[in-house]
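Sequential numbering from 1 along the given sequence is applied to the chain's residues. Whatever order the structure lists them in is the order used to number ligands and atoms, beginning at 1.
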Amino acid sequence: MGVAEARRRAAGEKLPRTIAIDGPSAAGKSSVGYRVAQRLGYPFLDTGAMYRALTWLALQRGVDIEDAQALGGLAHQVDVSLGPPLPGSPERCSIWVDGEDLTPMLRRPEVEAAVSLVSRAPALRRAMVAIQRRLARRGPLVMAGRDIGTVVLPKAGLKVYLDASMEERVRRRRKEMVALGRAVSVAEVRRNILHRDSIDSSRKTAPLRPAADAIIIDSDDLSEEQVVERVLALTDAKEC
Ligand code: DC
């Protein structure tokens, strides 16, 4: 249990049991979600890691990424499990598929390029949503993604939609990639984000959009710490 949660529980306060953090690519969902989870003593689940791992697997196994049925078949055949980040990993979650650690594959360029296309497949999404709901039934958690507040956990105790301008998202994503040793141009990062935003927002199943009861945070003029504090302040106002 985190210090903050322990303090609040001792004071008889209740916290939201599930916290949904949605938003577009590179808005800071994983970094903020992870830190909020740590402060509350909750596990953090980055659902993007699940779609990325399935994308890697589809590419490895030669599954046609335009074939929604084949992608659904793949997702229903495999055993997906998630855990906390492994020491030294830049990811906020670790992910195994059929016992193999796929975490190091999540940011590969071929995964970046295909993940939004793969994530359109309705049957694949159904398989992922079933796992996500099962994990949420086990206990409190912070879950980040695109459709958490709208589809996966419509009754989440707190829903945050984290947004930022394109310029800011490009700047942050490029910084992350450079830190991982990948020399990418601003234009390339912008192209990738625009491509993913457009597919994620326009797909038929579970498109990216804020839930009607989500609280929208625009993080352009806020530091990561300030966003974390804002989300934590919102947990005070909610009981669930
Ligand atoms: O959050 P991320 O950039 O790691 O997500 C990668 C892709 O996965 C994103 O472009 C769309 C998809 N995704 C999704 O469709 N639904 C989610 N809940 C999370 C991610």
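In this structure, atom 18 (N) of ligand 1 lies nearest to the protein heavy atom Asp147 OD1, 2.8 Å. Nearest protein heavy-atom contact of atom 13 (N) of ligand 1 is Tyr51 CD1, 3.6 Å. The protein heavy-atom contact nearest to atom 1 (O) of ligand 1 is Arg146 NH1, 2.9 Å. Ranking the protein heavy atoms by distance from atom 12 (C) of ligand 1 puts Ser119 OG, 3.3 Å first. The protein heavy-atom contact nearest to atom 6 (C) of ligand 1 is Arg196 NH1, 3.3 Å. The protein atom (non-hydrogen) at minimum distance from atom 19 (C) of ligand 1 is Thr47 OG1, 3.3 Å. Summary of contacts: the protein heavy atom closest to atom 4 (O) of ligand 1 is Arg52 NE, 2.7 Å.
With a 4.5 Å cut-off on side-chain heavy atoms, Val142 and Val231 do not count as touching. Contact of the Arg182 side chain with the Pro109 side chain is registered, since non-hydrogen atoms from C-beta on lie closer than 4.5 Å.
Residues satisfying the side-chain hydrogen bond (donor to acceptor under 3.5 Å, both in side chains) test with Arg126, not counting sequence neighbours, are none.
Under a 4.0 Å criterion applied to the non-hydrogen atoms of Arg203, ligand 1 contributes the atoms 14 (C), 15 (O), 16 (N). Within the listing of ligand 1, atoms 10 (O) sit less than 4.0 angstrom from a heavy atom of Ser116.
Within the 4.0 Å heavy-atom criterion, neither part of Met143 lies near ligand 1.
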- Task: Mind running salt bridge (charged side-chain N to carboxylate O under 4.0 Å, His left out) on Arg174 and Glu188 for me, showing each step along the way?
- Result: CA-CA 9 Å; Arg174 183 156 181 267; Glu188 195 181 338; over 6 Å; no

- Criterion side-chain hydrogen bond (donor to acceptor under 3.5 Å, both in side chains) on Arg39 and Thr235, from CA distance to verdict: CA-CA 11 Å; Arg39 292 274 295 273; Thr235 67; over 6 Å; no

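Under a 4.0 Å heavy-atom criterion, Arg125 is in contact with ligand 1. Under the 4.0 angstrom criterion for non-hydrogen atoms, Met128 is not in contact with ligand 1.
In this model, no donor atom of one side chain and acceptor atom of the other lie less than 3.5 Å apart for Thr103 and Arg52.
Grouping the Ile, Leu, Val, Met, Phe, Trp and Tyr side chains by contacts below 4.5 angstrom, directly or via other members, places Val111 apart from Ile193. Met50 is connected to Ile199 through a chain of hydrophobic side-chain contacts under 4.5 Å among Ile, Leu, Val, Met, Phe, Trp and Tyr, so both are in one cluster.
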Donor-acceptor pairs under 3.5 angstrom involving side-chain atoms of residues 115-122: please list them, not counting sequence neighbours.
{"residue": "Ser116", "atom": "OG", "partner": "Asp200", "partner atom": "OD1", "Å": "2.9"}
{"residue": "Ser119", "atom": "OG", "partner": "Val115", "partner atom": "O", "Å": "2.6"}
{"residue": "Arg120", "atom": "NE", "partner": "Leu117", "partner atom": "O", "Å": "3.1"}
{"residue": "Arg120", "atom": "NH2", "partner": "Glu66", "partner atom": "OE1", "Å": "3.3"}

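Considering backbone and side-chain N/O atoms, Asp46 never comes within less than 3.5 Å of an N/O atom of ligand 1.
Comparing Val115, Leu106, Val152, Val151 against atom 7 (C) of ligand 1, the shortest heavy-atom distance belongs to Val115.
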